[in-house]
There are 4 protein chains.
Amino acid sequence: MIEEKIISHPEARRNRRVQRQRRAIMDAAADLFARSGYQGTSIKNIAEAVDLGESTLYGYFPGKQEILMAILTQQVELVDSSLVHLNDLKDRPSFVNLIDVIMEKIISNLVYNRVMFAEAWLNDEVLKVFVITRWLPVMDILQNFIYEKTSAGVFRPIDPKLAARMIIATFIGALLPVLRGIELPPSPEQRHILSESIVELLFEGLAARKG
Amino acid sequence: MIEEKIISHPEARRNRRVQRQRRAIMDAAADLFARSGYQGTSIKNIAEAVDLGESTLYGYFPGKQEILMAILTQQVELVDSSLVHLNDLKDRPSFVNLIDVIMEKIISNLVYNRVMFAEAWLNDEVLKVFVITRWLPVMDILQNFIYEKTSAGVFRPIDPKLAARMIIATFIGALLPVLRGIELPPSPEQRHILSESIVELLFEGLAARKG
Amino acid sequence: MIEEKIISHPEARRNRRVQRQRRAIMDAAADLFARSGYQGTSIKNIAEAVDLGESTLYGYFPGKQEILMAILTQQVELVDSSLVHLNDLKDRPSFVNLIDVIMEKIISNLVYNRVMFAEAWLNDEVLKVFVITRWLPVMDILQNFIYEKTSAGVFRPIDPKLAARMIIATFIGALLPVLRGIELPPSPEQRHILSESIVELLFEGLAARKG
Amino acid sequence: MIEEKIISHPEARRNRRVQRQRRAIMDAAADLFARSGYQGTSIKNIAEAVDLGESTLYGYFPGKQEILMAILTQQVELVDSSLVHLNDLKDRPSFVNLIDVIMEKIISNLVYNRVMFAEAWLNDEVLKVFVITRWLPVMDILQNFIYEKTSAGVFRPIDPKLAARMIIATFIGALLPVLRGIELPPSPEQRHILSESIVELLFEGLAARKG
DNA sequence: CATGAATGAGCGTTCATTCAT
DNA sequence: AATGAATGAACGCTCATTCAT
């Protein structure tokens, strides 16, 4: 009944249509930004991709810049929501799970993340707001985790900062080819195996255990 | 004799001056490309940076695109020359050394590599010619190295492809902040320590070895 | 009875509402035209000022141009109605009164007149229809008045055309700062004094009378 | 010899060509601004009028706004230079002469002044910088002149401020039709007669002197 | 009656490139 | 060899207007 109401209320209907259009524009723009970069994509390109007149876009976004910002913001919020799992980071299985969850979030918005990466590479503001501030807490939690494990004798004595950085490095490096589009995104099963492998390599290293 | 030739032969002198100018243009352009991207840099920007008229640039390069290509090519040749060390990859010290050498090459041409990264992120042709084809042999040699060590029981049984990929991932991930310019390039000493740490983590992992 | 008609007849009620809206639009538009010019004012600006949707305006006027024309026409009719006093122009007091009345008409529609002035400055058609044709009879009557006074020896021998022109010049010059908005419109008292002063200066001149 | 040098010096020659082009653009732009207003004139219009590509204009002016400013500034400087005569204002002949000189300056740059008038009508900044600040000293000198003559009994007792204002009003009113383009500019002879007439009317008034 | 959505035309401006000198 | 001048094409964006609802 409530649903019916929502569906029929004209204001709400209009709102949903606007949101749908905005989303269509963002998707088309993200795709083009990902392939040609922000600067290499014109409003005309985007308009053609969503099959609208150029000037129509301006009814949904105040300008090209804002389309980009909407794309970045939307994606950041998505990933943010998955970072609550961070606090569950207690042992190896939870570690695997964390990597798996974040990977899933990034992969399911591959294009948006490709755009963010490209933009953060050039634009300091984007780097700061959309990347650094988001990943700093992750770094902190990782460092704490490593510090505790090291103190407890579970991990070898190791510089927590360096180790945390290299964990993230491994993670990013593993995703890069997928983000770049030269490799197909892994299926959920492949992804889980990958997460396991990353953690195993990180924990155990390459070298065979003696004895 | 060689000197005389170089100094006196007018053709050679002219050639050297041209090369010097080309190089100056490439340096200025690379710096701008690194900060603002290829598309975000105009011929005018470059011309001002080298203190030449815009149209003068066209005496040295047929167009903007070719300046970029010259930058990428030049850098690739530099790194190529350091990949001959690859064949020395035999044991852990040589591994550390290899990483150190490649890092050094990349860091000493930070700007050029930042440009290459940005461009490869968008341009498939650049990715293929300047990145993939260059790193494929590295992958091969790494995989072989790991396969041999695994066979010899020095390394744990592990998928060589996955392991090779993660080694490179770690390497790239570690360099990314420096390339991006949010971290100062390490001094030679720091770089050596970093190389050691990477290798140690890769070989030994995080987990403490059981007594 | 009239009231009943007005109140009850639906067609009339509708008509009155339409007229009220048209007038509201014209007022808002005139204000904006006066401050930003016709070209510098957009339909969107006007719509916002009357708190209507842009497309709604087109229910009241066929286009932007017609809003301007309605503004000009309306104002001209107002001033026209005050020019009947012209025929009363007989002596100095009636002269003062005439100037006072016209001033009052213009000042009480300051904004509209500012628009007319701006538009007539650029648009020949507007100049002709809304300014010249309206002021030509005034010129005629003034010339006749001066001619008669000159013939009667009341005025010095003077070219009536030149004198008439300068009377109007004085008048316009005195109003200009008010129209432009850099001076507050005079109160009725101030206006009357100003009218007197203009006439006195015109009649008596600056120079002291001998003897 | 120096002249020859100046003529042949390539830098100077280039400079003169640039100035000539700038002037041609300003003239064409002023003409269009005068007829269609600043907002009603497009860069394309101006470019066509000087028979250049649109983008070529940007080699001479940073933008449309700057073309307008150059026009206004140039004209203001011209008139400024003639205001030095103000200090000679001592008696009636010098008064006539002053009006004649200023008129001449304005008429010889009719189009530029028409533009200034139109722009000052809408733009407060233009009004302030290019009109008010220029004419304030004139007002002062006029007021002083009138005050002195009044004190000396040469002029009737009269409010100097009001009188000064009306003198300028008469002056502006007389020029308006010429500026607007509905009247041909007077020949030097006509102009001189007009100046005389204005002054005579101002000094003597319309009314016949008794006795 | 009111309006949100849509758009073609046009705007001021930038830019990679050409060319005469 | 170097460059100022010139430009067509394209860009991001605004606007008056139309139309379906």
Side-chain angles (χ1 to χ4, degrees), chain A residues 10-11 13-15 17-18 21 38-47 50-68, chain B residues 14 17-18 21 38-47 50-68, chain C residues 14 17-18 21 38-47 50-67, chain D residues 10-11 13-15 17-18 20-21 38-47 50-68:
Chain A
E11 171 110 13
R13 187 158 61 221
R14 182 188 154 276
N15 220 294
R17 202 168 20 141
V18 166
Q21 274 283 45
Y38 173 74
Q39 305 233 41
T41 303
S42 73
I43 286 285
K44 198 183 173 205
N45 296 150
I46 302 173
V50 280
D51 202 32
L52 285 174
E54 293 181 50
S55 49
T56 308
L57 296 197
Y58 289 87
Y60 296 95
F61 291 95
K64 192 186 168 189
Q65 184 74 34
E66 281 79 7
I67 300 179
L68 174 64
Chain B
R14 184 189 152 279
R17 208 184 22 192
V18 166
Q21 274 284 45
Y38 173 74
Q39 306 240 32
T41 303
S42 72
I43 287 283
K44 198 183 173 199
N45 295 151
I46 302 171
V50 280
D51 203 32
L52 284 175
E54 296 177 51
S55 47
T56 309
L57 297 198
Y58 288 85
Y60 295 95
F61 293 95
K64 194 184 166 191
Q65 184 72 36
E66 282 78 8
I67 300 180
L68 173 64
Chain C
R14 182 188 154 281
R17 210 185 22 192
V18 166
Q21 273 284 46
Y38 172 73
Q39 306 240 32
T41 303
S42 70
I43 287 283
K44 198 183 173 200
N45 295 150
I46 302 172
V50 280
D51 202 31
L52 284 175
E54 294 177 53
S55 46
T56 308
L57 297 197
Y58 288 85
Y60 296 94
F61 293 95
K64 193 184 165 190
Q65 184 70 36
E66 282 79 8
I67 301 179
Chain D
E11 171 111 14
R13 188 159 60 222
R14 182 189 154 277
N15 220 294
R17 201 167 22 139
V18 166
R20 216 182 310 128
Q21 273 283 44
Y38 174 73
Q39 306 234 39
T41 303
S42 72
I43 287 285
K44 198 182 175 207
N45 296 151
I46 302 172
V50 279
D51 202 31
L52 285 174
E54 293 179 50
S55 50
T56 308
L57 295 198
Y58 289 86
Y60 296 94
F61 292 95
K64 192 186 169 191
Q65 184 72 35
E66 282 78 8
I67 300 180
L68 174 64

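A note on names: the letters A, B, ... follow the listed sequences, proteins ahead of strands, and every chain is numbered from 1.
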> What pairs of residues pass the side chain to side chain donor-acceptor pair (under 3.5 Å) test when at least one of them lies in residues 38-47 of chain A, not counting sequence neighbours?
Replying inline: A:Tyr38-A:Gln65, A:Ser42-A:Asn45
>> Just to verify, what does A:Arg17 make a side chain to side chain contact (heavy atoms under 4.5 Å, CB included) with, not counting sequence neighbours?
In response: A:Arg14, A:Arg20
> Could you state the CG-C1' distance from C:Leu52 to E:dT3, rounded to the nearest angstrom?
Replying inline: 10 Å
> 5'-most contact on DNA chain F: B:Arg14 or D:Val18, nearest heavy atom basis?
Replying inline: B:Arg14
>> Rounded to whole Å, how long is the line connecting atom CD1 of A:Ile46 with atom C1' of F:dC11?
In response: 12 Å
> Is a side-chain N or O of C:Gln21 found less than 3.5 angstrom from the main chain of C:Val18, in a donor-acceptor match?
Replying inline: no
> What is the per-nucleotide protein-contact pattern of nucleotides 8-15 of chain E, from the 5' end, where B denotes a base atom under 4.0 Å from a protein heavy atom, S denotes such proximity for sugar-phosphate atoms only, and - denotes neither?
Replying inline: B--SSBBB
> How does DNA chain E look in dot-bracket form if you count Watson-Crick and G-U pairs under 3.5 Å, write [ ] for pairs that cross, and put | where a base pairs with another strand?
Replying inline: .||||||||||||||||||||
>> I want to check one thing: is the phosphate of F:dA1, taken as OP1 and OP2, less than 4.0 Å away from some side-chain N or O of B:Gln21?
In response: no
> Does OP1 or OP2 of E:dC1 have a side-chain N or O of C:Tyr60 closer than 4.0 Å?
Replying inline: no
> To the nearest Å, how far apart are C:Phe61 CZ and E:dA2 P?
Replying inline: 13 Å
>> Tell me the interatomic distance from D:Leu57, atom CG, to F:dG8, atom P, rounded to whole angstroms.
In response: 12 Å
Table please: side-chain donor-acceptor pairs of residues 51-61 of chain B below 3.5 Å, with sequence neighbours left out.
residue : atom : partner : partner atom : Å
B:Thr56 : OG1  : B:Gly53 : O            : 3.4

>> Strictly below 4.0 Å: does D:Arg17 bring a side-chain N or O up to OP1 or OP2 of F:dG4?
In response: no
